[in-house]
Amino acid sequence: KLFIPLLILSLGFLSACSTTSPDDTTQSGNVDSWAVIASGTWWNGTTICKEGEILADTVCIPFSGTGLNIDLFGKNFDESVTTAEVSEGDLRGYYVEPVGTGSYPGIIMIHEWWGLNDNIKYMAELLASSGYKVFAIDLYGEVATTPERARELSWLVRNDPEWANQKMKLALDYLKNTGGAEKLGTLGWCFGGQQSLNISMETPVDATVIYYGNLSEDKTKLANLKWP
């Protein structure tokens, strides 16, 4: 039952991915990442659309709600999950688990290029409400507020994969040792999708979910994946 509900989480994040250096001026770096927020508006970091509209590239257009699970958003999970801001040594993140006792699988959730913002925390709560212990890791230490800063932060992490993998291993250990999860999985969007694959190639888990990203083509490392 590890990953049956996970597909719905991709609907909150439709974004392009940038892998260029912060000093590369050949691209604008203005990656449009958008998500539904509780008020019903759509946000891409710079543009606010009115209720009843969505962002298509850089233009707000009318939207009837057909084709997207709008009802997933704007919920309150206070009665179904417990949350905690985690700061232990080199580990930073947002931990969420179901209120009820039981044996739940653990998921390390890896943010897209804006960082561990409220959208990612909401996704962690949404997933936990379906019966998962979720550690939404913070690989930045801050939330980017401009595309330029997001590109810089994501480039710094991508440029030091061993450092990133060590952080994610700490999160997996937290899920297992503190959370008591027996099965573990990884999940990420865009920048986080790349990191989800990277840590899975280095550390055995039970499932790997990648919502797009700039992915490794190293056949030797990919051969380490023995799970869905």
Side-chain angles (χ1 to χ4, degrees), residues 9-39 41-49 54-60 73 83 85-96 108-126 134-171 186-199 209-216:
L9 295 182
S10 65
L11 299 176
F13 298 85
L14 301 178
S15 46
C17 299
S18 173
T19 59
T20 57
S21 160
D23 299 322
D24 187 346
T25 58
T26 60
Q27 297 187 22
S28 68
N30 188 9
V31 175
D32 293 323
S33 176
W34 51 268
V36 184
I37 57 179
S39 65
T41 59
W42 294 76
W43 178 68
N44 78 326
T46 58
T47 304
I48 295 290
C49 292
I54 62 169
L55 189 71
D57 293 327
T58 58
V59 179
C60 294
F73 300 91
T83 67
E85 297 282 352
V86 177
S87 179
E88 297 183 2
D90 292 332
L91 182 63
R92 302 286 187 278
Y94 186 67
Y95 178 70
V96 192
I108 173 176
M109 180 177 285
I110 309 153
H111 54 76
E112 35 80 83
W113 87 324
W114 294 108
L116 182 56
N117 56 22
D118 288 342
N119 291 323
I120 301 296
K121 291 180 178 180
Y122 180 88
M123 287 293 167
E125 294 176 11
L126 174 62
V134 183
F135 192 98
I137 193 170
D138 183 0
L139 289 177
Y140 287 177
E142 65 180 89
V143 174
T145 56
T146 66
E148 292 75 21
R149 183 57 177 162
R151 181 171 62 173
E152 180 180 18
L153 290 167
S154 62
W155 183 83
L156 288 171
V157 175
R158 287 186 176 115
N159 203 43
D160 194 352
E162 291 186 7
W163 176 90
N165 283 339
Q166 182 58 39
K167 299 287 186 182
M168 289 184 283
K169 287 178 182 177
L170 290 175
T186 68
L187 178 156
W189 298 268
C190 194
F191 161 83
Q194 180 188 50
Q195 301 305 317
S196 177
L197 178 60
N198 286 353
I199 186 59
V209 177
I210 304 164
Y211 292 125
Y212 50 94
N214 185 38
L215 306 178
S216 171

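Residue numbers start at 1 and run along the sequence shown.
Residues Thr145 and Arg149 fail the side-chain proximity criterion, which asks for heavy atoms closer than 4.5 Å. Phe191 is not listed as a side-chain neighbour of Leu153, based on a closest heavy-atom distance of 4.5 Å or more. For the pair Trp113 and Glu152, the minimum side-chain heavy-atom distance is 4.5 Å or more. Between Arg92 and Glu85 the shortest side-chain heavy-atom distance does not fall below 4.5 Å.
Rounded to the nearest 0.5 angstrom, Glu112 CD and Met123 CE are separated by 10.0 Å. In this structure, SG on Cys190 lies 12.5 Å from CD1 on Ile210, to the nearest 0.5 angstrom. Atoms CH2 and CG, from Trp163 and Leu139 in turn, are 5.5 Å apart once rounded to the nearest 0.5 Å. Atom CE of Met109 sits about 8.0 Å away from atom CG of Leu126, to the nearest 0.5 Å. Taking CD1 of Ile110 as the reference point, atom NZ of Lys167 lies at 14.0 Å (rounded to 0.5 Å). Leu91 contributes atom CG, which lies 10.5 Å from atom CD of Gln166 (distance to the nearest 0.5 angstrom).
Residues Val143 and Leu116 approach most closely at CG2-O, 3.4 Å, considering heavy atoms. The two residues Ile137 and Ala171 make their nearest non-hydrogen contact at CD1-CB, 4.0 Å. When all heavy atoms are compared, the tightest approach of Ala124 to Val96 is CB-CG2, 3.9 Å. The heavy-atom pair separating Ala150 from Trp114 by the smallest distance is CB-CE3, 4.1 Å. Minimum interatomic distance between Ala164 and Val157 (heavy atoms only, all atoms of both residues): CB-CG1, 3.7 Å.
Between Tyr140 and His111, the ring planes lie perpendicular to each other; the angle is over 60°, past the 30° to 60° tilted range.
In this structure, Asn165 contributes its side chain and Met168 its backbone to no donor-acceptor pair below 3.5 Å. Panel note: side chain Ser196, backbone Val209; a donor-acceptor pair is recorded below 3.5 Å.
Listed by chain and residue number, nothing satisfies the ring pair (Phe, Tyr, Trp, His ring centres under 6.0 Å) test with Tyr94 (two or more places apart in sequence, or in another chain).
No more than 12 heavy atoms of other residues, nucleotides or ligands shown are found within 6.0 angstrom of CG on Asp90.
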Original post:
Would Arg151 and Glu148 satisfy salt bridge (Lys or Arg N to Asp or Glu O under 4.0 Å), going step by step from the backbone distance to the final call?
Top reply: CA-CA 5 Å; Arg151 181 171 62 173; Glu148 292 75 21; over 6 Å; no
